[in-house]
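Below you'll find the structure, written out as structure tokens, and then a few comments.
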Amino acid sequence: GYRVSLQGNFFGRNHTYITFPEYNPRKHIKLDPPLNIQSNVTASKCQIWWSMPWYLVEILQCELQYKEYGMSWEIALNKTPPSYLPQIEIEATELRSGIAYIARVRCKVAENEDSYHSQWSEWSQTTVFQRPGVPKLSEKILNTRTIQFLFIPLSFGTLLYLFWNCKSSQKASPALTFPRQLLSFSHSIICTMGILR
């Protein structure tokens, strides 16, 4: 260790003040913040990772903060990575769809490390991410209903067209093709309507 003292001339006299009788630099470290914070969002989770010196990774602990973009950091949520690896995942259920989020990370020497001790680093640069929007149930229902409302008039229009053509073709040939066509087409309409529901 070191002995740190302060010397000065006060009122014309030299004085020496002992500030730290035993100062150990290894116990008073302030680390640089993590670098290159990045994010990737999928439908199920958001992955965030960053860079730290490889030789320090195993003795450091990190803390991530994230919040809705534009909100104060005072109401941000904190997460601690489950291991010493410089990465973390946020489940999609923790994020509101269509909302932009911003995250940052800081680090310090882990509490269980005896050789070194440090305070938290400054916060890193930020990364912005957004959970993709998912269609609401009402929108899905609306799309299904729209298809049904378009399909029903088109089906009846096609039936009328077939009826008209088959009626005029029956005058030329008395073969009973129309009932079979109508039955087959009606069956396909009923099946399709069942699938749409």
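Under the 4.5 Å side-chain heavy-atom criterion for grouping Ile, Leu, Val, Met, Phe, Trp and Tyr, Val105 is not connected to Tyr69 through any hydrophobic cluster. Under the 4.5 Å side-chain heavy-atom criterion for ILVMFWY residues, a single connected hydrophobic cluster contains both Tyr84 and Ile48. Under the 4.5 Å side-chain contact rule for hydrophobic residues, Ile99 and Leu95 share a cluster. Transitive grouping of hydrophobic side chains (ILVMFWY, heavy atoms separated by less than 4.5 Å) keeps Ile37 and Trp73 in distinct clusters.
Distance check, rounded to the nearest 0.5 Å: CD of Gln125 to CG of Leu35 gives 9.0 Å. In this structure, CD in Gln87 is found 12.0 Å from CG in Asn40, a value given to the nearest 0.5 Å. Atom OG of Ser83 sits about 12.5 Å away from atom CD of Gln61, to the nearest 0.5 Å. A distance of 9.0 Å separates CD of Gln65 from CG of Leu77, quoted to the nearest 0.5 Å.
Side-chain atoms of Ile102 and Lys67, non-hydrogen and from C-beta on, do get closer than 4.5 Å to each other.
Between Val41 and Arg131, the closest heavy-atom pair is CG1-CA, 3.9 Å. Taking each heavy atom of Thr127 and Ser39 in turn, the nearest pair found is OG1-OG, 2.9 Å. Of all non-hydrogen atoms in Pro86 and Met52, the two that sit nearest each other are CB-CE, 4.0 Å. Nearest heavy-atom pair across Ser121 and Leu31 is CB-O, 3.1 Å. Scanning both residues, Leu85 and Pro81, for their nearest heavy atoms gives O-CB, 4.2 Å. Between Gln119 and Lys108, the shortest heavy-atom distance links the atoms O-CB, 3.5 Å.
Applying the salt bridge (charged side-chain N to carboxylate O under 4.0 Å, His left out) test to Glu74 and every residue at least two apart in sequence or in another chain returns nothing. Applying the ring pair (Phe, Tyr, Trp, His ring centres under 6.0 Å) rule to Tyr116 yields no partners; only residues at least two apart in sequence or on another chain are considered.
No side-chain donor-acceptor contact under 3.5 Å links Arg106 to the backbone of Trp120. Under a 3.5 Å cut-off, the side chain of Ser51 and the backbone N or O of Asn36 do not form any donor-acceptor pair. In terms of modelled atom types and a separation under 3.5 Å, the side chain of Glu63 and the main chain of Asn78 share no donor-acceptor contact. Between the side chain of Tyr101 and the backbone N or O of Arg96, at least one donor-acceptor pair lies under 3.5 Å.
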- Task: Show your working on side chain to side chain contact (heavy atoms under 4.5 Å, CB included) between Arg104 and Thr126 and close with a plain yes or no.
- Result: CA-CA 5 Å; Arg104 62 185 185 176; Thr126 57; 4.1 Å; yes
- Go through the steps to decide whether Lys79 and Glu89 satisfy the test salt bridge (Lys or Arg N to Asp or Glu O under 4.0 Å), and finish with yes or no. CA-CA 9 Å; Lys79 278 186 94 69; Glu89 292 182 353; over 6 Å; no
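Contacts classified as ring pair (Phe, Tyr, Trp, His ring centres under 6.0 Å) and involving residues 34-64 (residues at least two apart or in different chains) are not found.
Around CD of Glu94, the count of heavy atoms belonging to other residues, nucleotides or ligands within 6.0 Å exceeds 12.
Between Tyr66 and Phe129, the ring planes lie tilted relative to each other; the angle falls in the 30° to 60° range.
Test Cys62, Pro34, Cys107 against Ser124 for side-chain contact (heavy atoms from CB on, under 4.5 Å) and you get one pass: Pro34.
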